Amino acid sequence: MPHPPARPVPASQGLAPDLFPPLAAALPTGVCVVTSLGPSGAPAGMTSGAVCFLSREPPLTLVCMGRASRTLAAVLGHGAFCVNVLAADAAALSRRFAGQTPHRADKFAGVGWRPARDGTPVLTEGTVAHVSCELLRTVDGGDHTVVIGLAVEGAHRPDAVPLLYHRRRYAGFPP
């Protein structure tokens, strides 16, 4: 069955801008740090709750990134990214990579990481899983860009508990 053509969203439709954020905050999400390499080879990263595993065959991963994100620019330039799924005890790591001040000190200073096969940073502490992806395509998503990648490398710790985010608060599963 063919897909219908994409339609642009009219600016005059949809919820009022102040009504949508509380609705979005009501959805509990997993917390991830998305990483890549910038043009100089320096690591780049950002916290994201807008991640999902899109397809099993082929193995596709989807991440939504703000259009002004320096990490998005790194992903587009490097052609690859890594989704690092944070562990329940890694709220400080999430806050560190969520910083948006333009001249913030290196987010990776003091953070353990190793390069994936393509050089993309894989966090070595505070995670339950990671998946490294080759960039396949991007899709316009309003004030965000939807990034889709082919999963090429990954690992998980089956005994680890993930970090969750709900209504601007961190949580984990009960033991």
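Count residues from 1 along the sequence. As the structure is a computational prediction, the values presented were derived from the model and not from experiment.
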Answer yes or no: is there a side-chain heavy-atom contact under 4.5 Å between Trp113 and Glu125?
-> no
If you link I, L, V, M, F, W and Y whenever their side-chain heavy atoms are under 4.5 Å apart, who else ends up in the same group as Leu54?
-> Leu60, Leu62, Leu136, Val139, Val146, Ile148, Leu150, Val152
Arg114: salt bridge (Lys or Arg N to Asp or Glu O under 4.0 Å) partners, not counting sequence neighbours = Glu153
Judged by atom type as modelled, is there a donor-acceptor pair below 3.5 Å linking the side chain of Thr71 to the main-chain atoms of Ala44?
-> no
Closest approach of Ser132 to Ala116 (non-hydrogen atoms, all atoms of both residues) = OG-CB, 3.5 Å
The side chain to side chain donor-acceptor pair (under 3.5 Å) partners of Thr120 (sequence neighbours excluded) come to His78, Asp118
Of all residues at least two apart in sequence or in a different chain, which pass the side chain to side chain donor-acceptor pair (under 3.5 Å) check with Thr47?
-> none
Kindly say whether Pro121 contributes a backbone atom to a donor-acceptor pair with the side chain of Thr35 at under 3.5 angstrom?
-> yes
Here the gap from Thr124 atom OG1 to His130 atom NE2, rounded to the nearest 0.5 Å, amounts to 10.5 Å
Which heavy atom of Gly45 sits nearest a heavy atom of Phe108, and at what distance?
-> N-CE1, 3.8 Å
So how far is it from Leu163 CG to Asp89 CG, rounded to the nearest 0.5 Å?
-> 8.5 Å
Kindly say whether Val122 contributes a backbone atom to a donor-acceptor pair with the side chain of Asn84 at under 3.5 angstrom?
-> no
Could you pull out the closest heavy-atom pair between Tyr170 and Arg95, with the gap in Å?
-> CE1-NH1, 3.4 Å
To the nearest 0.5 Å, what is the distance between OG1 (Thr29) and NE2 (His166)?
-> 9.5 Å
Connected hydrophobic set around Phe53, excluding itself, where side chains approach under 4.5 Å | Val34, Met46, Val51, Val63, Met65, Leu72, Val75, Leu76, Phe81, Val83, Val85, Val128, Val131, Leu135, Val147
Closest heavy-atom pair, Gly126 versus Ala90, reported as atoms and distance to 0.1 Å, is O-CB, 3.4 Å
Given side chains that start at C-beta, do those of Leu164 and Val31 come closer than 4.5 Å, heavy atoms only?
-> no
Considering residues at least two apart in sequence or located in another chain, which fulfil the side chain to side chain donor-acceptor pair (under 3.5 Å) criterion with Tyr165?
-> none
Please report the C-alpha distance between Val111 and Leu123 in whole Å, then the side-chain angles of each, then the deciding distance to 0.1 Å, and finally whether the side-chain contact (heavy atoms from CB on, under 4.5 Å) criterion is met.
-> CA-CA 8 Å; Val111 174; Leu123 302 183; 3.9 Å; yes
